[in-house]
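Please read the structure below before turning to the comments.
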Amino acid sequence: MASSEEILKPRSDDSAAPSDGGEPSNFIYDIIDEHNRTGRFGGRVHTRFPPEPNGYLHIGHAKAILINYRTAQKYGGKFNLRFDDTNPTKEEQEYIDAIIEDMRWLGVDWEDRLFYASDYFEQLYEWAVQLIKDGKAYVDDLSAEEIREYRGTLTEPGRESPYRNRSVEENLDLFERMKRGEFPDGSRVLRAKIDMASPNMNLRDPVMYRILHEEHPHRGRDWCIYPMYDWAHGQSDSIEGITHSLCSLEFEDHRPLYDWFLDQLGIHHPQQIEFARLNLTHTVMSKRKLRRLVEEGYVRGWDDPRMPTLSGLRRRGYTPEAIWSFTEAIGVSKSNSVVELSLLEHHVRQDLNRRAPRVMGVLRPLRVVLTNYPEGQVEQMEAINNPEDPAAGTRPVPFSKVLYIEQDDFMENPPPKFFRLAPGREVRLRYAYFITCDEVVKDEAGNVVELRCSYDPATRGGDAPDGRRPKATLHWVSAEHAIDAEVRLYDTLFTVPDPDNPPEGKSFTDLINPNSLEVITGAKLEPSVRGAAPGTIYQFERQGYFCVDPDSTPDTPVFNRTVTLRDTWAKIQQKEGGA
RNA sequence: UGGGGAGUCGCCAAGUGGCCUAAGGCAGCGGCCUUUGGAGCCGCCAUUCGCAGGUUCGAAUCCUGCCUCCCCAGCCA
């Protein structure tokens, strides 16, 4: 992850956050600058990312993580990772482990500050007792349904619970017995005593604790009452000395409650600031929907390369650097937005173009026999590993009489703008020779199965002494030296940009792209890729970026296509409605 | 018809009363270059800032009214 460092480096500038061509400013920085100006937190900036371990992290979380992390870095502050593990019915150790792994991969550093909200349960309990003693919280015996009825609606005030005015003594007794496990799940809750008529539903005596006789992944059987999000979150922030509690928009109307608890307790009071979460076209981002895709078998798992999860993106070949630059590019604001997938793809291409070694691989092979090439001769052609990086050097690629080229690189009746191989036409084989197609061999069904071509020995390396310049350069692989590979080509998981809003009567699962995965088994790759470790990324010249999948075996590597190269020919074809 | 937010180019997003006849990126469109129809380079792409009024010498930026979209009635987070 060392290569992240240059990107990760905080910008050193004066506090005014000018946009002097470096990191763009945003409204959060403006707020912090104001805090720094007035001395609200003594110049301190401390952020956190508080995931609930009930699913895998996705690209939307990456945005949230990096907003928090970059903010801390920019101001020379600190960043915590804290599991918001207050609901044992939904949380699992598997998710805790996966979240840590994904965040490490992303390249954020919480140093020694990995925390669990559940480690604060004792303190939270004491504070709850304090609120009860202050007459600001009470045990309610109403059922869940009754509480809902008493809460009122968006336009009508709620009613106070008949248990709202119990004595402090009774509340203390009941609450302690809740904690001791004397009551069954759902029989009672602890509620804050605020205002049942508040236009903000969150302030209508919100539930602070519920009874849950449940094994907790981090606390085991220590507790059978669990704090609700609103009661746990702000106090956890406070305990950790968080200054700026950055969260997503839907918590905006929780802020008054966040503030209320902290004010009642009179403890360190962070500032909650809300920003819009990330939406991406052609995918879904809610944990609920992602879980359905996994559990109902629409994808192979949380790390399926079609998933927007960090583990999926990683397996697909996305790099942390690409995700960093993408999240920087999309900015930070409060308006709901949907970012086009093409922007994410742009950032992987940009990163991979810089660093991926180039290699030749033929996805759909078409046999080519060079009729005038000596039988049994093998030449090692010198190929450049990365034209963007001279230090990457060169490698030898074997060339011989029988080759494979891409089926798409030949057309028997080429349209005007098709520059590749055709009968009688000469093209260049990259780093090798010019070849001319002399004869087309077909099977009984009329399919082209082989090309018989002649090569020009004077063009070795790809240049003609007479200055001839073919309009096309094709990639190729020597048949006898090629290694076989499985290649998985991916398309968007959904056929429409906005699967979250399916048409009447349809579910988002009805919009899944049936062609989101195409498996090619007979691909032929140049021998240099043999033995590449899972995770290794190459550019297959003229085609795209491909990443070695963990499913690979020693004899047959499996590659995932991360993203295609920009393809102007494909665009021309599309425009002309051509095949 | 309660409360809380948001509306600037197809998609993000700067902009905080004059240097805005509105940055930048993506997408798109032309062209150059090219041993990847890749990359790179050059150019084009909002007289207009949800709408309507108003204030001002001057408004995307201030005021008023309206419209549209999002969030909130879990003992989820």
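Below, chain A is the first sequence line, B the second, and so on; all start at residue 1.
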Return the pairing partner of [N] with a 3.5 Å limit on both distances, Watson-Crick or G-U wobble; otherwise return none.
N: rC19(B); value: none
N: rC41(B); value: rG31(B)
N: rC69(B); value: rG5(B)
N: rG74(B); value: none
N: rU55(B); value: none
N: rA14(B); value: none

How far does the [atom1] atom of [N] sit from the matching atom of [M], given to the nearest Å?
N: rG2(B); M: rC66(B); atom1: P; result: 12 Å
N: rU1(B); M: rC57(B); atom1: C1'; result: 44 Å
N: rG54(B); M: rC11(B); atom1: P; result: 31 Å
N: rC49(B); M: rA59(B); atom1: P; result: 12 Å
N: rU8(B); M: rU68(B); atom1: C1'; result: 16 Å
N: rC44(B); M: rA23(B); atom1: P; result: 12 Å
N: rG43(B); M: rU56(B); atom1: P; result: 43 Å
N: rA52(B); M: rU47(B); atom1: P; result: 15 Å

Counting only distance, no hydrogens or angles, is the base of [N] paired donor-acceptor with the side chain of [X] under 3.5 Å?
X: E388(A); N: rG38(B); result: yes
X: Q539(A); N: rU36(B); result: yes
X: E340(A); N: rG10(B); result: yes

Residue closer to the 5' end of RNA chain B, K571(A) versus G331(A) (nearest nucleotide):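 It is G331(A), whose closest nucleotide lies nearer the 5' terminus.
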Test salt bridge (Lys or Arg N to Asp or Glu O under 4.0 Å) applied to R82(A) and E240(A), step by step: CA-CA 10 Å; R82(A) 176 174 74 236; E240(A) 293 177 16; 3.1 Å; yes
W569(A) ring center within less than 6.0 Å of F419(A) ring center: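 No, the ring of F419(A) stays outside the 6.0 Å limit from the ring of W569(A), centre to centre.
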Atom [atom1] of [X] to atom [atom2] of [N]: distance rounded to whole Å?
X: D567(A); N: rA39(B); atom1: CG; atom2: P; answer: 10 Å
X: F326(A); N: rA13(B); atom1: CZ; atom2: C1'; answer: 13 Å
X: E345(A); N: rC12(B); atom1: CD; atom2: C1'; answer: 15 Å
X: L203(A); N: rG3(B); atom1: CG; atom2: P; answer: 14 Å
X: D409(A); N: rG38(B); atom1: CG; atom2: P; answer: 14 Å
X: L280(A); N: rA27(B); atom1: CG; atom2: P; answer: 14 Å
X: L278(A); N: rA13(B); atom1: CG; atom2: P; answer: 10 Å
X: E328(A); N: rA13(B); atom1: CD; atom2: P; answer: 15 Å

Salt bridge present between R37(A) and E34(A) (N-O < 4.0 angstrom):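 Answer for the salt bridge query: yes.
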Salt-bridge criterion met for R542(A) and E406(A) (N-O under 4.0 Å):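 No, this pair does not count.
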Summary of protein contacts for nucleotides 69-77 of chain B, nucleotide by nucleotide, where a base hit scores B, a sugar-phosphate-only hit scores S (4.0 Å, heavy atoms): -SBBBSBSB
Whether Y120(A) and F115(A) hold their rings parallel, tilted or perpendicular, with breakpoints at 30° and 60°: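 Plane angle between 30° and 60°, so tilted.
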D205(A) and Y150(A): CA distance, side-chain angles, deciding distance, side chain to side chain donor-acceptor pair (under 3.5 Å) verdict: CA-CA 10 Å; D205(A) 289 12; Y150(A) 275 75; over 6 Å; no
For residues 226-234 of chain A, tabulate all N or O donor-acceptor pairs below 3.5 Å that involve a side-chain atom, not counting sequence neighbours.
| from | atom 1 | to | atom 2 | distance (Å) |
| --- | --- | --- | --- | --- |
| Y226(A) | OH | E214(A) | O | 3.1 |
| Y226(A) | OH | W223(A) | O | 3.2 |
| D230(A) | OD1 | H254(A) | ND1 | 2.8 |
| D230(A) | OD2 | H254(A) | ND1 | 3.3 |
| W231(A) | NE1 | Y209(A) | OH | 3.3 |
| H233(A) | ND1 | D84(A) | OD2 | 2.9 |
| H233(A) | NE2 | R48(A) | NH1 | 2.8 |

I want to verify a distance call: between [options], whose nearest atom is closest to the [X] side chain?
X: K575(A); options: rG38(B), rC29(B), rC12(B); value: rC29(B)
X: L343(A); options: rC29(B), rG25(B), rG38(B); value: rG25(B)
X: S342(A); options: rA39(B), rA27(B), rU36(B); value: rA27(B)
X: R566(A); options: rU16(B), rG4(B), rA39(B); value: rA39(B)

Step-by-step side chain to side chain donor-acceptor pair (under 3.5 Å) determination, Q272(A) to E274(A): CA-CA 7 Å; Q272(A) 176 178 304; E274(A) 311 83 12; 3.0 Å; yes
So [X], base contact, sugar-phosphate only, or nothing? Heavy-atom distance under 4.0 Å.
X: P157(A); answer: nothing
X: Y545(A); answer: nothing
X: R428(A); answer: base
X: R204(A); answer: nothing

Donor-acceptor pair between Y433(A) and E379(A) side chains, under 3.5 angstrom: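 Distance-only check passes for Y433(A) and E379(A).
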Steps toward salt bridge (Lys or Arg N to Asp or Glu O under 4.0 Å) verdict (R166(A), D141(A)): CA-CA 11 Å; R166(A) 289 218 248 234; D141(A) 299 357; 2.4 Å; yes
Presence of H346(A) side-chain N/O under 4.0 Å of rC26(B) phosphate oxygens OP1/OP2: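 Answer yes for this pair, as a side-chain N or O of H346(A) is under 4.0 Å from OP1 or OP2.
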Distance below 4.0 Å between S333(A) side-chain N/O and rC12(B) OP1 or OP2: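 No.
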Syn or anti for rG74(B) (syn when the glycosidic angle lies within 90° of 0):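 Judged by the O4'-C1' to base torsion, rG74(B) sits in syn, the angle falling within 90° of 0.
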